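Below, read A as the first sequence line, B as the second, and so on, with proteins coming before strands; counting in each chain starts at 1. Computed from a predicted model, the values in this text were never measured in an experiment.
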Protein chains: 2
Amino acid sequence: MAANDEDISRTAQSTTQRAYLALRDAILSGEIAPGERLKVETLKSTYATGASPVREALSLLTSDQLVERRDQRGFRVAQASKEQFEEILNLRCKLEDLALQTSLMKATKEWEDRLVLAHHHMSRAYNAPAKEFEEHHKAFHMALISACESPILLRFCDQLYSLNVRYRNFAGKSKGYAKRDVAEEHNEIFQAAVDRDTTRASELLASHYRITGNYLVDLLTIS
Amino acid sequence: MAANDEDISRTAQSTTQRAYLALRDAILSGEIAPGERLKVETLKSTYATGASPVREALSLLTSDQLVERRDQRGFRVAQASKEQFEEILNLRCKLEDLALQTSLMKATKEWEDRLVLAHHHMSRAYNAPAKEFEEHHKAFHMALISACESPILLRFCDQLYSLNVRYRNFAGKSKGYAKRDVAEEHNEIFQAAVDRDTTRASELLASHYRITGNYLVDLLTIS
DNA sequence: TAACAATAAAATAACGATATTATTAAACGT
DNA sequence: ACGTTTAATAATATCGTTATTTTATTGTTA
């Protein structure tokens, strides 16, 4: 569910989709804290909808590992920990590396065009509101690996990306973050990708994740 | 959702869980064909339950990629294709290899005990009913990687395993299958694992998958 | 500690609105 | 005038709402 739903986030047809996206947003942004109970009754009124869409949305979020279901005891926001953050970081490095290499191997003209556009749009959004930048940032990272021709792997990466966003938000919007030299790192990755320099792109992407990760891990207030 | 629910399959408390497991079983076994519509009304009577549990179960199966949801057009069993089978095969090799290596690296005494038992139970079940063997077979493969200390990765592997089971059932219960020399392959993998021979275990596991995969791909009746 | 009361989750049922699919009838061109 | 296409209608099913019941957990009090 985490995959390819962003495009319809605005025009979400079904109430279930709207509830799912709104709730996910609230959890990823930290608006609802880890461990907090998610009572269907409360959510019903918050999102002005019935019980069925809420319960379905919660079910979907359970599969995204953003919500935990304790049998007969309702739903709660998934717990977060430094260990999990490191697990996610690690898996992202491994899985995206795999996806990136495959993607570069199978790269097409259309893929390159998609990447160029995604990179351009992200570049123009560094100073945009966090939420808007986030969208473009994700689009760029997904574009990199989008030629790997493995929908399942892409879905896993998408899911991991979302989980990671949550931790990034836990670390707070410390000013320096986006400024550091993320932009330059992105540029180098982008360049290596269009050059089809697989090994260099791989290294750059992994180091990009590890640098950001180590930077974030110190800011995490959770255990 | 695909993960760690087997242990409660018998004593499934909630109706939702029961419906989920029953439906998943029906899909994995091929009892319900790919593309077939899943009408809530029909399922309600089939599984003797209400609409809410059925819809929640379908939502969960959507996240497992076993069911597709088309907006306003209800649910259908996920499509299957030779391409997807190969994708799953590939991903399984890559992800389980990663998990296996990590698992062997972090192997503990408890892990070894778990593995020994799982292998023993599987060995005694080669001639048991398919469903029973399947349970032990999965337990063995999961035990191999269970020390990797990455719940998310384990969940991915679990999901892929399930998806793969579906294709194995598509190929039909051709007699020769379990007999081939799967048993011997399992034994060798097992031995390499307890010996902590990472490279050998990796190679054996991958070749185990590829051999079985190539064997199955010819039997697949689908495109 | 045990029994009881309060709370909330899980499930059922009945209903209404909306969208899709199937059927039928009319219009059109060859 | 016939067959094909198009349009309108009817039937079906999904989606969502609301209300109610059952059941399990939690909190309180003797």
Starting at [atom1] of [X] and ending at [atom2] of [N], how long is that distance when rounded to a whole Å?
X: A:Glu56; N: C:dA9; atom1: CD; atom2: P; answer: 18 Å
X: A:Arg69; N: C:dA9; atom1: CZ; atom2: P; answer: 11 Å
X: A:Gln17; N: C:dA19; atom1: CD; atom2: P; answer: 16 Å
X: A:Lys44; N: C:dA9; atom1: NZ; atom2: P; answer: 11 Å

*asked:* I'd like to know if A:Glu112 pairs up with A:Lys109 as an ion pair, taking the criterion as any Lys NZ or Arg NE/NH1/NH2 lying under 4.0 Å from an Asp or Glu carboxylate oxygen.
replied: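 Answer for the salt bridge query: no.
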OP1 or OP2 of [N] less than 4.0 angstrom from a side-chain nitrogen or oxygen of [X], does that happen here?
X: A:Thr16; N: D:dG16; value: yes
X: A:Thr49; N: D:dT17; value: yes
X: B:Thr15; N: C:dA10; value: no

*Got a donor-acceptor contact below 3.5 angstrom from the A:Tyr167 side chain to the A:Ser81 backbone?*
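Yes, because the side chain of A:Tyr167 sits within donor-acceptor range (under 3.5 Å) of the backbone of A:Ser81.
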*Does A:His121 have its ring centroid less than 6.0 Å away from the ring centroid of A:His137?*
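When the ring centroids of A:His121 and A:His137 are compared, they turn out to be at least 6.0 Å apart.
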*Are A:His120 and A:His136 close enough that their ring centres sit under 6.0 Å apart?*
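They do not qualify: ring centres at least 6.0 Å apart.
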_A:Phe190 and A:His119 aromatic ring geometry - parallel, tilted or perpendicular at 30°/60° bounds_ =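 Ring orientation of A:His119 relative to A:Phe190: parallel.
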Return the polar atom pairs (N/O with N/O) between nucleotides 11-14 of chain D and the protein under 3.5 Å, or none.
unit_1, atom_1, unit_2, atom_2, d
D:dA13, OP1, B:Lys39, NZ, 3.2

_Can you confirm if the NZ or CZ of A:Arg69 lies within 45° of the ring axis of A:Phe75 and under 6.0 Å from the centre of its six-membered ring?_
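No; the conditions do not both hold, so A:Arg69 does not lie above the ring face of A:Phe75.
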